[in-house]
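Accompanying notes for the structure given below.
Because the structure is a prediction, the values reported are computed rather than measured. Chain letters run A, B, ... following the sequence lines, proteins first, then strands; residues in each count from 1.
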Protein chains: 4
Amino acid sequence: MVTKGDKTKQRILEVAASLFWKRSYHGLNMNTISEAAGVNKATVYGYFPSKEALALAAIENYHQYVQTQIFDTVRQATDHPIAQLEMVYQAFHAATQAVYEHDGICPGCPFVNMVTELATENPALRAKIQGCFDRVGEFYRQLVRSAKQQGLATADLDEESTVRGLIAVMNGAFIASKIHNSPDEILKMLPAARRLLTS
Amino acid sequence: MVTKGDKTKQRILEVAASLFWKRSYHGLNMNTISEAAGVNKATVYGYFPSKEALALAAIENYHQYVQTQIFDTVRQATDHPIAQLEMVYQAFHAATQAVYEHDGICPGCPFVNMVTELATENPALRAKIQGCFDRVGEFYRQLVRSAKQQGLATADLDEESTVRGLIAVMNGAFIASKIHNSPDEILKMLPAARRLLTS
Amino acid sequence: MVTKGDKTKQRILEVAASLFWKRSYHGLNMNTISEAAGVNKATVYGYFPSKEALALAAIENYHQYVQTQIFDTVRQATDHPIAQLEMVYQAFHAATQAVYEHDGICPGCPFVNMVTELATENPALRAKIQGCFDRVGEFYRQLVRSAKQQGLATADLDEESTVRGLIAVMNGAFIASKIHNSPDEILKMLPAARRLLTS
Amino acid sequence: MVTKGDKTKQRILEVAASLFWKRSYHGLNMNTISEAAGVNKATVYGYFPSKEALALAAIENYHQYVQTQIFDTVRQATDHPIAQLEMVYQAFHAATQAVYEHDGICPGCPFVNMVTELATENPALRAKIQGCFDRVGEFYRQLVRSAKQQGLATADLDEESTVRGLIAVMNGAFIASKIHNSPDEILKMLPAARRLLTS
DNA sequence: GATGAATGAGGATTCATTCAT
DNA sequence: AATGAATGAATCCTCATTCAT
């Protein structure tokens, strides 16, 4: 059963996740989070023992979201690897575009943002995000295998480096959108990703 | 003529650049910088009017370094695009490896780190780094053109998306090294970059 | 209902007002204020967003005090303009005397102190204090009108310049007390004020 | 003989005096002074041992200026007390007006500014300025005596309180100009001063 | 006679966190 | 289940002052 406290915790988590996405870890403070969630600061600490714990929970929240709302959805929508790849980029673009229209900024990828900012000073967070990307890698691995099976990629295509490259291009796409403050940079990266998968 | 002050300023700049590379902008404070440079905090402010100005100068310092020590050097060493690509990745790997052996961390790319952390809150810095990547794009554009001319890439290879993809893969490589805290991730990204360029 | 926080805020305000009276704006720091109020510096900032805001609130606090505790009280005590003038100077003298006995200094007038120090660099504060003196002017205007009605002043006495002069003499009295570090300078200014009003 | 050093010292002094007039003591720093004087900060310290000493010298400089350029000049221009009073106010207004047109601010009276800001924390400066006002008092005392002799004031006019009042009105005039940020406030105070002297 | 270079101490402000209620 | 109130420690930055040259 969902108690009132569960709902409060969930609200804090979602508000925090949204803010951690748009701002840097150090650039976001607990005051802003509690105010945006409409609760007292002490309430936040009642559910999450520290800012770091909240950030970790936000990461996990994103992970669930990406897996279920994007990767699972895409897998269910089509078997075609290229179509899947396109759908993924469309989804990332749409999310970025929505933030851009609302806030005028391109937030990038929450995993990349956090790990880039904190990897060298917070091993726990780095390890957590490494785990998230392992599962992202599984999605791309399936994609590569499907492409081979469906004859879209040559049989000798190296799986390891292709998966690696697809993740890199995806992360690079998010960074490009931040650098140029333009959501379209994400879509413009699709040809490169497609070529990695198919040629 | 190089005065004592010039040398002090240069020392502060290099120390700051090194630290901004290894730590996040917000995670690094002016105290640490001044101590590492062996000068008083007020001395730092005597040469750089603010933390932001110092970070901007550090960015410019990196930009010069990358252009002259890496891209120019590589261009002078060989005309072969694939060899050039390999040399670039070797250089990035070597720099990362050196830090890793000394500090146990993978610092990633200073441009990517800064822009990822600060793009949404500091337009000046974002614009500055955008300019840096414009020049990085010029290098990759030459690479693509050379590859076409030398018959290493097909004539119909799309220049725009390939340059974009090569930058993305490079940035993705730095991020992968941070995520896995492993310098080798940079070298392991080379095959993907090579395929983008040649196939 | 008066909460604990309200009381803390009021205590901070009164302590700050008292200190801003005795010391210059720049010569007083937030540390001293928070310590004198018996709270942490961050607590002060929890109630007042900046030193300037606190100074402005202190000004308003003095304004209320002067209007209610001095001008209103005097008006209620007597209808006689000269008696009112004397009571006002007595009140200013008594306040100055109290500080003098306690601290050995003549603090002057908080409005004059602040505006003299900050008028050229802080337009908001200047405007605020201008508003306070507008209301002081209203008191003196009533005084002049009463004096005319009661035949204590000639009918052709110029209201404007007399009000202006009475404010100037009052402010000049506070300054004289600071210059000579002697509370009695305030009382010694009464004859001049009286002549302005009646002759 | 006037050495190069003498000229430098004089330039520093005049620049400092001008700046101390327009800004508060704490609001003006030694950097600004040395830059405005076109010399190195250490040069300033070569001629004046401290900021306080420089301020004291600036006060003395103003004192000389007021005595010779204003009071002596006025005395030489006319024997008529009221004309003298008017000339003094005209001079103060002209000086204020000049600053106002150049900087958009009313600087007030340097003696009043300094003593108001620093009297409670700097006894030496307070005493110095007290001495300046003693000599200002002498001017007004002469004025009152002349007025009596010339039948412009009644013989029983109290000298003490009138001198006191004239100084107060003059200081109050400067403060009024600061409060309203309007040079004309000085001229508008003339009627009150005149009435103190003559009625 | 003048300056380039440097600094110790302090100043306003912020932040993650705690605890009594 | 939630909050009002409070804080220790830091953070960016400034300033009067010094000294070797």
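Ring planes of D/H63 and D/F111: perpendicular class, angle over 60° (limits at 30 and 60°).
No side-chain donor-acceptor contact under 3.5 Å links B/K178 to the backbone of A/L118. B/T8 places a side-chain N or O within 3.5 Å of a backbone atom of B/K4 that can act as its donor or acceptor partner. The backbone N or O of C/I179 lies less than 3.5 Å from a partner atom in the side chain of D/R126, making a donor-acceptor pair. Under a 3.5 Å cut-off, the side chain of C/N113 and the backbone N or O of C/P107 do form a donor-acceptor pair. Counting only distance, with no hydrogens or angles, the side chain of D/N61 and the backbone of D/A58 share no donor-acceptor pair below 3.5 Å.
Using a 4.0 Å heavy-atom criterion, one finds that A/F48 contacts no nucleic acid atom at all.
Residues B/Y62 and B/F20 fail the side-chain proximity criterion, which asks for heavy atoms closer than 4.5 Å.
Atom CD1 in A/I33 sits roughly 17 Å away from atom P in F/dA2 (whole-Å rounding).
Each of B/I105, B/D103, B/V99 was compared with A/T120 under the side chain to side chain contact (heavy atoms under 4.5 Å, CB included) criterion, and only B/I105 meets it.
Between D/T43 and E/dG1 there is no side-chain N or O to OP1 or OP2 distance below 4.0 Å.
The stretch residues 6-15 of chain B comes close to DNA chain E through B/T8, each having a heavy atom under 4.0 Å from the strand.
Ion pairing between A/K41 and A/E35 fails under the 4.0 Å rule for side-chain N and carboxylate O.
Stretches of at least 3 consecutive Watson-Crick or G-U wobble pairs, with each checked distance under 3.5 Å, appear in DNA chain E as E:2-21 with F:2-21.
B/N40 and B/T43 are not linked by any side-chain donor-acceptor pair at a separation below 3.5 angstrom, with hydrogens and angles left out of the test.
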Q. Could you write nucleotides 15-21 of chain E as a row of B, S and -, 5' to 3', where a protein heavy atom under 4.0 Å of any base atom gives B, of only sugar-phosphate atoms gives S, and otherwise -?
A. BBBBB--
